[in-house]
Amino acid sequence: MTMRVDAKVVMLGKESVGKTSLVERYVHHRFLVGPYQNTIGAAFVAKPIQVGDKVVTLGIWDTAGSERYEAMSRIYYRGARAAIVCYDLTDTSSFQRAKFWVKEVQNCEEHCKIYLCGTKVDLIESDRGLRQVDYHDVQDFADEIGAQHFETSSKTGNNVDELFQKVAEDFNSISFQFMTEETGQNTCQGGYRNEADKKIALQPHF
Ligand SMILES: Nc1nc2c(ncn2[C@@H]2O[C@H](COP(=O)(O)OP(=O)(O)OP(=O)(O)O)[C@@H](O)[C@H]2O)c(=O)[nH]1
């Protein structure tokens, strides 16, 4: 079965920050336990989401965080309308890496909205001493770059639906804005700049 994708969303961030777990929680409502398996290349999943009286289908690309796949991850944010840039609240270096991805996206995709996502908040809730990334520091950075900021747990589901809902709502209101302000047509339709981008983005991978 094929599904029409409205908005391309890309998950970015250092390896093991929990990108795949976020997608698993959001799409399949589950948290996989067991040995950590790193993503190779990227994985794609589409999910329809209700926004008011409309349905927006998000096409989510879950990229590999390993620096080995950095060049490949760049391919996946091409034409993206939203980038969920993840960092692990218990790992300072992952926030540095998140800043790297923010710069990349800002430089290459001017129409891509950025969402900063601090993961594994359940760990902090059970032991505050584990927090290595300060909420207010990230909020200041988010304000500076005009991004939304969430702290989530894929283990408990805390704030995960809210994050993706916000992505879909923002996409919907931006495309509505284009529709009313520009030509009277929805210029964001498909979430891609042109057919070539669409073909690249929808090719099955791995
Ligand atoms: N406690 C807790 N552990 C988490 C959470 N999210 C992910 N993890 C764990 O963190 C590890 C890495 O999670 P992944 O979702 O595979 O991370 P990833 O960012 O997709 O990793 P790459 O594929 O290497 O880029 C796994 O052992 C997960 O179980 C969370 O919200 N809470």
Side-chain angles (χ1 to χ4, degrees), residues 1-13 19-20 22-29 42-63 73-87 98 101-119 141-152 154 157 159-203 205:
M1 194 186 81
T2 54
M3 204 185 276
R4 202 195 95 106
V5 168
D6 295 307
K8 179 177 174 183
V9 180
V10 65
M11 311 291 298
L12 295 168
K19 300 177 295 297
T20 303
L22 264 178
V23 176
E24 277 292 319
R25 167 58 76 184
Y26 179 59
V27 175
H28 302 296
H29 315 288
F44 176 78
V45 66
K47 171 145 172 156
I49 174 167
Q50 192 76 34
V51 179
D53 57 357
K54 278 180 66 179
V55 174
V56 170
T57 299
L58 300 181
I60 306 168
W61 283 98
D62 174 21
T63 66
S73 295
R74 290 200 173 96
I75 296 168
Y76 295 103
Y77 62 66
R78 247 185 92 186
R81 289 289 162 187
I84 300 179
V85 181
C86 302
Y87 59 94
W101 282 117
V102 165
K103 237 187 228 146
E104 283 277 311
V105 172
Q106 281 179 324
N107 288 341
C108 306
E109 288 299 326
E110 62 167 320
H111 297 298
C112 183
K113 260 185 97 67
I114 295 172
Y115 299 78
L116 294 170
C117 178
T119 60
F141 179 60
D143 292 343
E144 199 182 298
I145 62 169
Q148 297 280 332
H149 170 209
F150 290 79
E151 289 191 347
T152 60
S154 300
N159 240 357
V160 175
D161 284 354
E162 288 82 350
L163 166 65
F164 286 95
Q165 185 73 34
K166 181 71 182 143
V167 169
E169 283 171 6
D170 286 350
F171 171 76
N172 193 46
S173 58
I174 290 167
S175 56
F176 179 72
Q177 203 182 327
F178 274 139
M179 194 168 68
T180 52
E181 284 180 5
E182 290 191 353
T183 57
Q185 301 225 318
N186 184 350
T187 55
C188 274
Q189 208 172 35
Y192 305 98
R193 287 176 169 182
N194 54 44
E195 282 302 307
D197 276 358
K198 186 169 178 177
K199 222 177 274 165
I200 290 165
L202 290 182
Q203 263 170 12
H205 283 264

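The structure displayed is predicted, hence computed values, not measured ones.
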Any side-chain heavy-atom pair of [X] and [Y] under 4.5 Å:
X	Y	value
Ile49	Val55	no
Trp101	Tyr77	yes
Val45	Lys47	no
Cys117	Val85	no
Leu12	Val105	yes
Trp61	Val9	no

Ring-plane angle category for Phe164 and Tyr26, please: parallel below 30°, perpendicular beyond 60°, tilted otherwise.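 Because their plane-to-plane angle is under 30°, the rings of Phe164 and Tyr26 count as parallel.
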Are any side-chain N or O atoms of [X] and backbone N or O atoms of [Y], one a donor and one an acceptor, separated by less than 3.5 Å?
X	Y	answer
Asp62	Ala43	no
Thr152	Thr119	no
Ser154	Leu22	yes
Glu110	Cys112	no

What distance separates [X] [atom1] from [Y] [atom2], expressed to the nearest 0.5 Å?
X	Y	atom1	atom2	answer
Tyr115	Lys113	OH	NZ	5.0 Å
Ile114	Lys103	CD1	NZ	12.0 Å
Asn172	Lys54	CG	NZ	4.0 Å
Ile84	Lys19	CD1	NZ	12.0 Å

Compare every heavy atom of [Y] with every heavy atom of [X], then report the nearest pair and how far apart it is.
X	Y	answer
Met11	Val23	CG-CG2, 3.9 Å
Glu151	Asn159	O-ND2, 3.0 Å
Val51	Gln165	CG2-NE2, 4.3 Å

Test side chain to side chain contact (heavy atoms under 4.5 Å, CB included) applied to Arg4 and Asp6, step by step: CA-CA 7 Å; Arg4 202 195 95 106; Asp6 295 307; 2.4 Å; yes
Show, in sequence, the C-alpha distance, side-chain angles and deciding distance for Leu58 and Val5, and conclude whether the side chain to side chain contact (heavy atoms under 4.5 Å, CB included) test is met. CA-CA 6 Å; Leu58 300 181; Val5 168; over 6 Å; no
Residues forming a salt bridge (charged side-chain N to carboxylate O under 4.0 Å, His left out) with Lys166, sequence neighbours excluded: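 Salt bridge (charged side-chain N to carboxylate O under 4.0 Å, His left out) list for Lys166, sorted by chain: Asp170.
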Going by an N to O cut-off under 4.0 Å, is there a salt bridge joining Glu109 and Arg78?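 No.
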Pair Phe150, Leu116 - check side chain to side chain contact (heavy atoms under 4.5 Å, CB included), show working. CA-CA 6 Å; Phe150 290 79; Leu116 294 170; over 6 Å; no
